[in-house]
Participant: 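Here you go, one structure.
Both counts, for ligands and for their atoms, begin at 1 and track the order of listing. Note that these values count all heavy atoms, side chains included, but never hydrogens, waters or copies made by symmetry.
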Amino acid sequence: MTDSRELPAYVYDLAGLDAHAGAVRAALEGVELYYAVKANPDPELLRVLAPHVDGFEVSSGGELAHVRGLFPGAQVALGGPGKTDAELSAEVTRLHVESPGELRRLLASGRPADVLLRANLDLPVDGASLVMGGGATPFGMDPAGVAECVDLLDRQDTVRLRGLHAHLASGLDAAGLLELAAGVLDYARGLGLTEINLGGGMAVSYRDPGALFDWHSYGKGLAALRRPGEVLRVEPGRALTVYCGRYVTRVIDVKRVHGELFAVVAGGTHHLRTPATKGHDQPLATGEPGEPITIVGQLCTPKDVLARRVPVRLQVGDVVEFAMAGAYAWNISHHDFLMHPKPAFHYLRGE
Ligand SMILES: *Cc1c(COP(=O)(O)O)cnc(C)c1O
């Protein structure tokens, strides 16, 4: 289907994204859903997501301007460590405060804002792939930092304390995230806060693309945890958009070196950095069984590996389709390294 198109290319299944986002929205009844834009800010994807989400979570002034340009009236939460004064003074629905120093700068500006305090709590996070909290990390504040902020906020009324934010880990399944949520809610209730953003980090499996995060039990679990009067919000990125993208390319060369078979494809990790960053093999969407072959790109570095020892038959000229390239893929890649051409972008809209 993609053979006649310009390759390498990103192919986004917008109809699939629409269906997936609709299912996630339905599973999270009573919970607010924001999309974490840094996972993939492609405007076409954002337009599909917009009707399914309550708002967007952005991590920079750049992402904020991008979202504002597309959806002027949308609800937007701005988070991220290292906010500049310009970012702190941006008009947003919610500002996620990352440190007492940041809050002091906000208060000194005299500008009103609605804030959530980002907490870094020491809660058990077994099985997570990336840990943002529970130890010394630059994300959010430990309970002493949160207490300092509460104290600063108590003494004024320009900046309104709306609640708590906690994005503590990524790669957790529904049961793991619910356990974490229970701990975060306990902590928020102890501070008398009723609006709680539980972050993102819903697990996806690059080893087993069919193993989807269980949104249904997560939604049911959150509904059971939520007390009357509480607003719960989640802000997934990867688990919303990863499945809708494919990176499609073509085999340029096949060679055997010291007994191992390699396929060199057009493009590489400067287009799709995800496998190099996460240390996984990017799953293939299709393929005939064959002798294990390592699929590499055109870069002059041994790190330019897309997938290792994949049991598929590949010949020069064959099209190779990588699945799960819809999040943290093109937008996290080092596009200019070696100055190869950029990929094409195709959008499948369904009938
Ligand atoms: C990156 C990030 C997210 C989204 O994480 P995913 O693993 O993509 O779901 C949500 N909230 C914050 C604060 C983040 O930094």
Side-chain angles (χ1 to χ4, degrees), residues 17 20-21 24-25 27-28 31-42 45-46 49 52-64 67 75-83 87 92-99 102 115-121 125 127-134 137-141 163-174 176-178 180-181 184 195-206 212-215 218 222 232-245 273-274 277-278 280 324-332:
L17 176 62
H20 178 55
V24 170
R25 168 72 284 170
L28 293 178
V31 174
E32 287 189 17
L33 174 64
Y34 277 36
Y35 171 61
V37 170
K38 79 169 185 288
N40 190 336
D42 187 306
L45 271 62
L46 295 183
L49 288 170
H52 299 292
V53 300
D54 298 285
F56 295 95
E57 188 261 352
V58 297
S59 305
S60 72
E63 285 185 354
L64 176 62
V67 169
Q75 303 219 358
V76 180
L78 172 62
K83 290 184 209 70
E87 286 166 337
V92 290
T93 317
R94 289 291 180 269
L95 187 71
H96 297 161
V97 170
E98 295 265 349
S99 77
E102 191 172 272
V115 303
L116 302 186
L117 300 178
R118 180 169 182 184
N120 170 344
L121 303 175
V125 283
S129 65
L130 271 180
V131 178
M132 265 68 66
T137 73
F139 306 108
M141 299 171 266
L164 194 81
H165 176 269
H167 171 72
L168 297 176
S170 87
L172 287 179
D173 64 10
L177 275 184
L178 285 169
L180 212 51
V184 170
E195 181 180 316
I196 302 102
N197 183 326
L198 295 163
M202 293 72 185
V204 312
S205 172
Y206 290 91
L212 299 191
F213 182 80
D214 187 350
W215 291 102
Y218 185 56
L222 288 184
L232 301 190
R233 185 176 305 129
V234 295
E235 48 182 25
R238 192 186 305 269
L240 279 180
T241 49
V242 73
Y243 301 104
C244 78
R273 187 163 176 244
T274 332
T277 314
K278 301 230 354 138
H280 65 231
M324 297 184 74
Y328 303 101
W330 168 247
N331 65 311
I332 66 155

Participant: Under 4.0 Å from a heavy atom of Pro236: which atoms of ligand 1 are those, numbered in the order shown and with their elements?
Facilitator: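 That gives atoms 9 (O) of ligand 1.
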Participant: Mind checking whether His280 and Tyr206 have parallel, tilted or perpendicular rings, split at 30° and 60°?
Facilitator: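 Plane angle under 30°, so parallel.
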Participant: In Å, rounded to the nearest 0.5 Å, how long is the span from CE of Met324 to OG1 of Thr241?
Facilitator: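 So the CE of Met324 and the OG1 of Thr241 are separated by 10.5 Å.
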Participant: Give yes or no for whether the N/O distance cutoff of 3.5 Å, strictly under, is met between Ala239 and ligand 1.
Facilitator: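 No - when backbone and side-chain N and O of Ala239 are compared with those of ligand 1, no distance drops under 3.5 Å.
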Participant: If the cut-off is 4.0 Å to any non-hydrogen atom of Gly237, which atoms of ligand 1 fall inside it?
Facilitator: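 Those qualifying, in numeric order: 4 (C), 6 (P), 8 (O), 9 (O).
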Participant: Number the atoms of ligand 1 from 1 as they appear, then name those within less than 4.0 Å of a heavy atom of Arg238, with their elements.
Facilitator: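 The list of qualifying atoms is 6 (P), 8 (O), 9 (O).
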Participant: Give a yes or no on whether the backbone of Leu33 and the side-chain of Asp54 come within a donor-acceptor separation of less than 3.5 Å.
Facilitator: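 Confirmed, Asp54 side chain pairs with Leu33 backbone.
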Participant: If you count the atoms of ligand 1 from 1 in the order shown, which ones are under 4.0 Å from a heavy atom of Glu57?
Facilitator: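 Those atoms are 12 (C), 13 (C).
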Participant: Within the structure provided, determine whether Glu195 and Leu116 are in side-chain contact (heavy-atom separation under 4.5 Å).
Facilitator: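 Sidechains of Leu116 and Glu195: in contact.
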Participant: I need the nearest protein heavy-atom contact for atom 4 (C) of ligand 1: residue, atom name and distance, please.
Facilitator: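 It is Ala36 CB, 3.5 Å.
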Participant: Geometry only, no angles: is Gly199 polar-contacting ligand 1 at N/O separations under 3.5 Å?
Facilitator: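 Checking ligand 1 against Gly199, no N or O pair falls under 3.5 Å apart.
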Participant: One thing to verify: whether Lys83 and Glu102 come together as a salt bridge, which I'm taking to mean a side-chain N less than 4.0 angstrom from a carboxylate O.
Facilitator: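 So Glu102 pairs with Lys83 through a salt bridge.
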Participant: Among all protein heavy atoms, pick the one closest to atom 5 (O) of ligand 1 and tell me residue, atom and distance.
Facilitator: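 The answer is His167 CE1, 3.5 Å.
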Participant: Between Ser170 and ligand 1, does any nitrogen or oxygen pair lie at a separation below 3.5 Å?
Facilitator: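 By distance alone, the answer is no.
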Participant: I need the atoms of ligand 1 closer than 4.0 Å to a non-hydrogen atom of Tyr328, numbered in the order shown.
Facilitator: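 What qualifies from ligand 1 is 1 (C), 4 (C), 5 (O), 6 (P), 8 (O).
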Participant: At their closest point, which heavy atom of Leu17 faces which heavy atom of Leu240, and how far apart are they?
Facilitator: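 Minimum heavy-atom contact is CD1-O, 3.4 Å.
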Participant: I want to check something: taking the side chain as every heavy atom from C-beta on, are Lys38 and Tyr328 in contact at a cut-off of under 4.5 Å?
Facilitator: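 Touching, per the 4.5 Å side-chain cut-off.
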Participant: Just to be sure I'm reading this right: ignoring hydrogens, which of Lys38, Met202, Arg118, Glu235 gets closest to atom 10 (C) of ligand 1? Compare them by their nearest heavy atoms.
Facilitator: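 Shortest heavy-atom distance from atom 10 (C) of ligand 1: Glu235.
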Participant: Do Met202 and Leu177 touch side chain to side chain, with heavy atoms closer than 4.5 Å?
Facilitator: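 In short, these two side chains touch, coming nearer than 4.5 Å.
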Participant: Work out whether the distance between some heavy atom of Gly79 and some atom of ligand 1 is less than 4.0 Å.
Facilitator: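 The answer is no: ligand 1 sits nowhere under 4.0 Å from a heavy atom of Gly79.
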Participant: Under 4.0 Å from a heavy atom of Gly200: give me the atoms of ligand 1 that qualify, with their elements.
Facilitator: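 Those qualifying, in numeric order: 9 (O), 10 (C).
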